[in-house]
Amino acid sequence: MGFPKEMVVRSIKEIGHSDAEALLELLLTYKALGDDDDAVGNHSTSGCNPPIVEGNDDLDFENWNDDDDTGGRVSSSDDSGYEEFLREMSDKDEKINSLRDMGFSEDEANMAITICGVDADLSVLVDSISASQVTEVCHSRNLSDHQVTARCFDSFGGRKRARLIEESKKKRKRYGGGAQGKRPSSDGSDEESMPLPKPMVGFNLPAARKRGYIHNLPTENRSPLLPLPPKTIFEAFPHYKKWWPSWDQRTHLNCLQTCMAPATVTERIQQKLSSSGNPPPQSVQKYVRHECSKWNLVWVGKDKAAPLEPHEMEYLLGFPKDHTRGVGKTQRYKSLGNSFQVDTVAYHLSVLRGMFPNGVRVLSLFTGIGGGEVALHKLGIHMRVVVSVEIGEANRQILRSWWDQTQTGTLIEIADVKSLKDDEIATYVRRFGGFDLVIGGSPCNNLAGSNRHHRDGLEGEHSSLFYDYFRILNSVKSAMANINYCVAGKRSNPWRKF
DNA sequence: AAGAGCATGAAATCGGTG
DNA sequence: CACCGATTTCATGCTCTT
């Protein structure tokens, strides 16, 4: 019996850790299960189900959707509005289909549209795909290494990809030793990697939030939350324009992290600038620009570059104002830095609105401050039940407080995923009749680039909780299989098709 | 009241990898 | 060059003792 996690892990190991990081950031699982026997136009038969793998019990990446998230790229267009957004989306789908008809992969089509824009002519897109297969193109663009890596992987199929993976393997030493040895890794015979996720390029939010979204949600008829989030720093914070020096040409922030710059950074910048002319010499500019990029500083006063305030991060991440207020400031930064971006997740989850008119039963792992829950709420999707697993006391408090203010459903809070075992899961499944959505993003701190102490990869103390996601997912599946046999008898069980 | 001892939280400081 | 961070140091506030 194949074990999904091994497949996933193997595939992740094949593609290298920086990609694995993106890949694991968010794992969304959803299941479509009819509403018992209330004949509410449900979709309990497989025909209406979203792409779910037939034939075996293993997860199959081929049939999982992998969406991007918010790249830090700039969209030069102005506020496009909802209709335009949707038009772009359907334009995009149409073009992807055309390109696929021409024999290109969806990855390639996606990437070409990303690069050339959704309005680009088909022939331009075709050219772009050809060009993208030349490595140089990656370097000629204004992309980070990380983006380059991801894009190259995504644009190369088959043998080229295999070769790239092979090359990257050789370079990988750090994670290849003891840590990897603990798991049954590839013995050389099954070198063929799993299909790689396709990228979906960003929401053009003002701050990069590079995460991969693995899910089996339908991808048709998704819709964004309104109002659309801001797309540039100035759209988000127009008042900072006043102090923004012309030689700082950032339009988007880097990744919102959990740690903020100390006051001394602001201080040093101020000193350097005040003691030099206007514009400051190149060397000073370079220093300041570097510090600003590194710490995501914004210009809040004359010569004064300061870190974002917690409420500004809440805004950028799509949370209601003061969502995290009431706990320490350091804690707020940490929780927000680890959180989902609500608009992005909501876009993916938006398809559930029509599928579960009576609301959803959610199993939420690594809930954090409740990005997934806030997204569902903003979508107007009622949460009948949320069983939330979150280890952080402060985070649980934040979620509970928000829940009490906004929700009428049942919230059950559990502290540790490791303690959530089969019997308890079965109890919840029996009690609530099952779950409609399993959602969660397991910890990445042992994979994260800025972790200089315990970057132990997927086997790290925290990141290995990824395995618990699959343990629990399997447990839910099997518990629901059981209950379905009891309750519904002969009805085919969608879970078995996962 | 003053101060040692402790607990807690915030600020400052720390580097490496793909 | 960007990164969903960890550890150490510092500051503050509390309790308990004298």
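Order of the sequence lines fixes the chain letters, A, B, ..., with proteins taken first and strands second; residue numbering starts at 1 for each chain.
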Within this structure, what is the [atom1]-to-[atom2] distance between [X] and [N], rounded to whole angstrom?
X        : N      : atom1 : atom2 : answer
A/Asp456 : C/dG5  : CG    : P     : 14 Å
A/Glu291 : C/dC1  : CD    : P     : 12 Å
A/Lys294 : C/dC1  : NZ    : P     : 12 Å
A/Arg289 : C/dA2  : CZ    : P     : 12 Å
A/His453 : B/dT17 : NE2   : P     : 13 Å
A/Asn296 : C/dA2  : CG    : C1'   : 10 Å
A/Arg250 : C/dA2  : CZ    : P     : 10 Å
A/Tyr333 : C/dG5  : OH    : C1'   : 16 Å

### Message
With nearest nucleotide decided by heavy atoms, which residue, A/Lys334 or A/Gln257, maps closer to the 5′ end of DNA chain C?
### Response
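Going by which nucleotide is closer to the 5' end, it is A/Gln257.
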
### Message
Can you tell me the base-pairing partner of C/dA2? Count Watson-Crick or G-U wobble geometry only, both distances below 3.5 Å, and say none if there is no partner.
### Response
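Because both required distances fall under 3.5 Å, C/dA2 counts as paired with B/dT17.
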
### Query
Given the side-chain rings of A/Phe319 and A/Trp402, with only the six-membered ring counted for Trp, is the space between their centroids under 6.0 Å?
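Between A/Phe319 and A/Trp402, the centre distance exceeds or equals 6.0 Å.
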
#### Entry: Short side-chain N/O contact to B/dG15 OP1/OP2 from A/Asn451, under 4.0 Å
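No, outside the criterion.
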
### Query
Is A/Glu314 paired with A/Arg325 through a side-chain N to carboxylate O contact shorter than 4.0 Å?
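A/Glu314 and A/Arg325: not salt-bridged.
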
### Task
Inspect the contact between A/Glu424 and A/Lys421 and indicate whether a charged nitrogen and a carboxylate oxygen are less than 4.0 angstrom apart.
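Between A/Glu424 and A/Lys421 there is no salt bridge, as every charged N stays at least 4.0 Å from the carboxylate O atoms.
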
### Task
May I ask you to say what A/Asn445 touches in the nucleic acid, namely base, sugar-phosphate or nothing, with a heavy-atom cut-off under 4.0 Å?
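If one applies the 4.0 Å heavy-atom cut-off, A/Asn445 turns out to touch the sugar-phosphate alone, with no base involved.
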
### Message
Side chains of A/Glu459 and A/Tyr467: any donor to acceptor distance under 3.5 Å?
### Response
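A/Tyr467 vs A/Glu459: donor-acceptor pair found between side chains.
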
### Task
Tell me yes or no: between the side chains of A/Ser335 and A/Asn395, is some donor less than 3.5 Å from an acceptor?
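A/Asn395 and A/Ser335 do have a side-chain donor-acceptor pair below 3.5 Å.
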
#### Entry: Pairwise side-chain contact, A/Met313 with A/Gln257, heavy-atom cut-off 4.5 Å (strictly under)
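With C-beta onward as the side chain, the pair stays apart.
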
### Query
Quick one: are A/Val298 and A/Trp244 in side-chain contact, heavy atoms under 4.5 Å?
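Of all side-chain heavy-atom pairs linking A/Trp244 with A/Val298, at least one is under 4.5 Å.
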
## Note on the structure
Its contact letters, B for base, S for sugar-phosphate only and - for none at protein heavy atoms under 4.0 Å, make nucleotides 6-13 of chain B read ----S-SB

#### Entry: Spacing of the P atoms in B/dT13 and C/dC3 (rounded, Å)
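Those two atoms are separated by 22 Å.
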
### Proximity to the side chain of A/Asn254 - top-ranked nucleotide from C/dT7, C/dA2, C/dG5
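Shortest atom-to-atom distance from the side chain points to C/dA2.
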
